[in-house]
Amino acid sequence: MAIDLEMTGLCAKRDSILEIGAVRVKNKEIEAEYQALIHPHMELSAEVVALTGITNEMAVKGRELDEVFPEVMDFCQDFVLLGHNIIFDYGFLKQAARNRDVTFECNGLDTLKLARKLLAPEKKKTLQDLCDTYGIVREHKHRALDDAKAARELYEILEAAYEPAYPEQFVPFPLIYKAKKQTPATNKQKKHLQRLADYHQITLQIAWETLTKNEASRQIDKIIAQYGRMPKQEMEEGEVIQKEEHLLL
């Protein structure tokens with residue numbers, strides 16, 4: 001089964017899954033496709049929008065990962081996962097599973113790994129370069145379903161050309177990624193994040209009920225980097241208000 005993810009960034013511990021695309025293949029024929037756009041609950045960076053073509057207007061119409069993830073698990077079943085640098089995508093899936101206390105262990109095949117082993121060292125091995133080399137057409141580059149289909153087509157080309165001579169390279173291997181469960185954001189983090197946003201007059205698009213410590217810290221750091229810190233007086237007044245609220249509970 002070929003699978004590809006688009007994300008809001010490069011780190012599974014901090015960033016979010018934005019889109020999932022997958023194709024199940026049987027006897028070299030696609031028997032089923034899966035595609036889901038996922039609400040990231042944050043504004044997408046200009047780099048992500050430019051790379052994927054997924055706009056903020058599109059993203060806010062996406063579904064919740066809690067709803068999508070069981071579908072992905074069901075679609076994957078016990079299939080071998082195939083992708084271009086599959087461990088990168090698997091890391092995000094593994095983190096999503098760990099956060100939901102779900103077991104998710106898979107074997108994989110990696111077209112990037114195959115290309116590095118089998119093709120000339122000087123040859124560029126990005127998915128785009130290899131698609132250009134082998135005439136693989138992607139209607140939408142850096143969209144999950146199109147990239148999954150491209151990885152599947154690339155794999156079959158490499159398999160036909162090199163598997164007879166190098167069968168050991170085409171044996172699925174265990175995908176190993178250690179994910180630590182992300183803990184919920186503290187009330188103090190949430191209050192600080194909201195006060196920071198209010199001070200800078202920023203509208204936050206955040207799922208507060210599922211916000212993690214890492215996500216809260218990332219959002220706070222992002223706002224400070226772009227807009228600056230709150231004046232010390234504002235922070236002190238905020239701490240006083242929090243203490244008074246605590247006493248009233």
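The first residue in the sequence is number 1, and the count goes up from there.
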Give a yes or no on whether a salt bridge exists between [X] and [Y], defined as a side-chain N under 4.0 angstrom from a carboxylate O.
X: Asp129; Y: Lys123; answer: no
X: Glu6; Y: Arg143; answer: no
X: Lys61; Y: Glu57; answer: no

**Message:** Suppose we screen for salt bridge (charged side-chain N to carboxylate O under 4.0 Å, His left out). Which residues come up paired with Asp198, at least two apart in sequence or across chains?
**Reply:**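 Listed in chain order: nothing, the list is empty.
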Within this structure, what is the [atom1]-[atom2] distance for the pair [X] and [Y], rounded to the nearest 0.5 Å?
X: Leu18; Y: His39; atom1: CG; atom2: NE2; value: 10.5 Å
X: Asp221; Y: Gln226; atom1: CG; atom2: CD; value: 13.0 Å
X: Ile223; Y: Leu196; atom1: CD1; atom2: CG; value: 4.5 Å
X: His192; Y: Ser217; atom1: NE2; atom2: OG; value: 9.5 Å
X: Lys181; Y: Asn99; atom1: NZ; atom2: CG; value: 7.5 Å
X: Leu112; Y: Lys125; atom1: CG; atom2: NZ; value: 9.0 Å

**Message:** According to side chain to side chain donor-acceptor pair (under 3.5 Å), who are the partners of Asn56, at least two apart in sequence or on a separate chain?
**Reply:**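 Asn56 satisfies side chain to side chain donor-acceptor pair (under 3.5 Å) with no residue once adjacent residues are dropped.
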**Request:** Please name all residues satisfying side chain to side chain donor-acceptor pair (under 3.5 Å) with Lys124, sequence neighbours left out, ordered by chain then number.
**Result:**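 None.
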Check whether any side-chain heavy atom of [X] lies under 4.5 Å from a side-chain heavy atom of [Y], and answer yes or no.
X: Glu71; Y: Arg63; value: yes
X: Cys131; Y: Leu127; value: yes
X: Met1; Y: Val23; value: no
X: Leu93; Y: Phe69; value: yes
X: Phe88; Y: Asp4; value: no
X: Ile20; Y: Ile17; value: yes
X: Leu193; Y: Leu211; value: yes
X: Glu19; Y: Thr52; value: no

May I ask you to check whether over 12 heavy atoms, not counting those of [X], lie within 6.0 Å of atom [atom1]?
X: Asp101; atom1: CG; value: yes
X: Arg14; atom1: CZ; value: no
X: Lys222; atom1: NZ; value: yes

**Request:** For Leu145 and Tyr34, run side-chain contact (heavy atoms from CB on, under 4.5 Å): C-alpha distance rounded to whole Å, both residues' side-chain angles, the deciding distance at 0.1 Å, then the answer.
**Result:** CA-CA 7 Å; Leu145 185 57; Tyr34 181 87; over 6 Å; no
Indicate the atoms forming the closest heavy-atom contact of [X] with [Y], along with that distance.
X: Ala96; Y: Leu65; value: CB-CD2, 4.2 Å
X: Gly21; Y: Ala148; value: O-CB, 3.7 Å
X: Ala97; Y: Phe104; value: CB-CB, 3.6 Å
X: Gln95; Y: Lys180; value: NE2-O, 3.0 Å
X: Pro174; Y: Asn107; value: CA-OD1, 3.2 Å
X: Asp110; Y: Asn85; value: OD1-N, 2.7 Å

**Request:** Determine, stepwise, if the pair Leu175 / Ile86 fulfils side-chain contact (heavy atoms from CB on, under 4.5 Å).
**Result:** CA-CA 9 Å; Leu175 295 173; Ile86 186 62; 3.8 Å; yes
**Request:** Begin from the C-alpha positions of Ile157 and Ile136 and carry the test side-chain contact (heavy atoms from CB on, under 4.5 Å) through to its verdict.
**Result:** CA-CA 10 Å; Ile157 290 170; Ile136 299 170; 4.0 Å; yes
**Message:** Applying side-chain contact (heavy atoms from CB on, under 4.5 Å) to Arg218 and Met42, what does each step give before you reach the verdict?
**Reply:** CA-CA 11 Å; Arg218 180 169 55 83; Met42 62 175 288; 3.5 Å; yes
Quick check on the hydrophobic clustering: are [X] and [Y] connected, directly or via other members, by side-chain heavy-atom contacts under 4.5 Å?
X: Ile30; Y: Leu81; value: no
X: Val72; Y: Leu37; value: no
X: Ile176; Y: Leu109; value: no
X: Leu204; Y: Leu44; value: no
X: Ile87; Y: Leu82; value: no

For residues 163-173, please give each side-chain donor-acceptor pair under 3.5 Å, one per line with the distance, not counting sequence neighbours.
none

**Request:** For Lys191 and Thr186, test the side chains for any donor-to-acceptor distance below 3.5 angstrom and give the result as yes or no.
**Result:**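 There is no such pair between these side chains.
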**Message:** I'd like to know if the side chain of Gln128 pairs up with that of His142 as donor and acceptor (distance under 3.5 Å, no hydrogens or angles considered).
**Reply:**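 Short answer, no.
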**Request:** Just do the salt bridge (charged side-chain N to carboxylate O under 4.0 Å, His left out) check on Asp66 and Arg100 with the steps written out, would you?
**Result:** CA-CA 9 Å; Asp66 281 341; Arg100 291 159 180 80; 2.8 Å; yes
**Message:** In this structure, is the centre-to-centre distance between the rings of Phe75 and Phe79 below 6.0 Å?
**Reply:**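 Between Phe75 and Phe79, which both carry aromatic rings, the centre distance is not below 6.0 Å.
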Just by distance, do the side chain of [X] and the backbone of [Y] share a donor-acceptor pair under 3.5 Å?
X: Gln77; Y: Asp74; value: yes
X: Thr8; Y: Ser16; value: yes
X: Asp146; Y: His140; value: yes
X: His200; Y: Gly228; value: yes

**Residue pairs involving residues 27-53 (criterion salt bridge (Lys or Arg N to Asp or Glu O under 4.0 Å); sequence neighbours excluded)** =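 Every salt bridge (Lys or Arg N to Asp or Glu O under 4.0 Å) pair that includes a residue of residues 27-53, provided the two are not neighbours, is Arg24-Glu31, Lys28-Glu159, Glu33-Lys149.
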**Prompt:** Could you give all pairs that pass the side chain to side chain donor-acceptor pair (under 3.5 Å) test and reach residues 111-122, with sequence neighbours left out?
**Reply:**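 Listed by first then second residue: His84-Thr111.
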